[in-house]
Amino acid sequence: MRTFSNSLETVLTLVALYYWLSGKATSKEAQIYSFTTRQTALFLAALSCAIRPTSAILWIYIGLIELLETDRKIQLLLEVFFIGYASSS
């Protein structure tokens, strides 16, 4: 069971990182795409942390960097809160 959970956590983390990095938008038109990919990445990261809580170390670091770089801090915090709450229920 441990091997399965470790493998699943790794796959979820890698897919979430893919969506997180592909959601970096530079143009106005791509920001809608960025919004949905970031939500997908946050949902997958929340599942990864639910399976193995030590995964949160990586996501806290990534989240803090994003929080420092973004202009939409409140929006990011609300997304994290709602997706985290929904995945923990």
A.B. asks: To the nearest 0.5 Å, what is the distance between CZ (Phe4) and CD1 (Ile51)?
C.D. replies: 7.5 Å

A.B. asks: Please list, chain by chain and in numerical order, all residues satisfying side-chain contact (heavy atoms from CB on, under 4.5 Å) with Leu44, sequence neighbours excluded.
C.D. replies: Leu12, Val15, Ala16, Tyr19, Thr40

A.B. asks: Identify, with sequence neighbours excluded, every residue that meets side-chain contact (heavy atoms from CB on, under 4.5 Å) alongside Thr70.
C.D. replies: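 With sequence neighbours excluded, Thr70 shows a side-chain contact (heavy atoms from CB on, under 4.5 Å) to Glu66, Arg72, Lys73, Leu76, given in chain and number order.
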
A.B. asks: The test is side-chain contact (heavy atoms from CB on, under 4.5 Å); show your working for Leu47 and Leu8 and say whether it passes.
C.D. replies: CA-CA 10 Å; Leu47 286 178; Leu8 183 59; over 6 Å; no

A.B. asks: Check which hydrophobic residues are tied to Ile74 through side-chain heavy-atom contacts below 4.5 Å, counting indirect links as well, and list them.
C.D. replies: Leu78, Phe81, Phe82

A.B. asks: Quick one: salt bridge (charged side-chain N to carboxylate O under 4.0 Å, His left out) pairs with a partner in residues 41-61, sequence neighbours left out?
C.D. replies: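 Every salt bridge (charged side-chain N to carboxylate O under 4.0 Å, His left out) pair that includes a residue of residues 41-61, provided the two are not neighbours, is Glu9-Arg52.
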
A.B. asks: What pairs with Leu58 under side-chain contact (heavy atoms from CB on, under 4.5 Å), at least two apart in sequence or on another chain?
C.D. replies: Thr13, Leu17, Ile62

A.B. asks: Looking only at non-hydrogen atoms, find the nearest pair between Ser55 and Cys49 and report the distance.
C.D. replies: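 Looking at all heavy atoms of both residues, the closest pair is C-SG, 3.9 Å.
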
A.B. asks: Decide whether Ile60 and Ile83 are clustered together by the hydrophobic rule: side chain heavy atoms of Ile, Leu, Val, Met, Phe, Trp, Tyr closer than 4.5 Å, transitively.
C.D. replies: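 In one cluster with Ile60: Ile83, no.
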
A.B. asks: Taking only residues two or more places apart in sequence, or in another chain, which ones meet Leu14 in a side-chain contact (heavy atoms from CB on, under 4.5 Å)?
C.D. replies: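 Leu14: side-chain contact (heavy atoms from CB on, under 4.5 Å) contacts with Thr10.
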
A.B. asks: Give the other cluster members for Ile57, using side-chain heavy-atom distances under 4.5 Å between Ile, Leu, Val, Met, Phe, Trp and Tyr residues; answer none if it is isolated.
C.D. replies: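 Ile57 shares its hydrophobic cluster with no other residue.
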
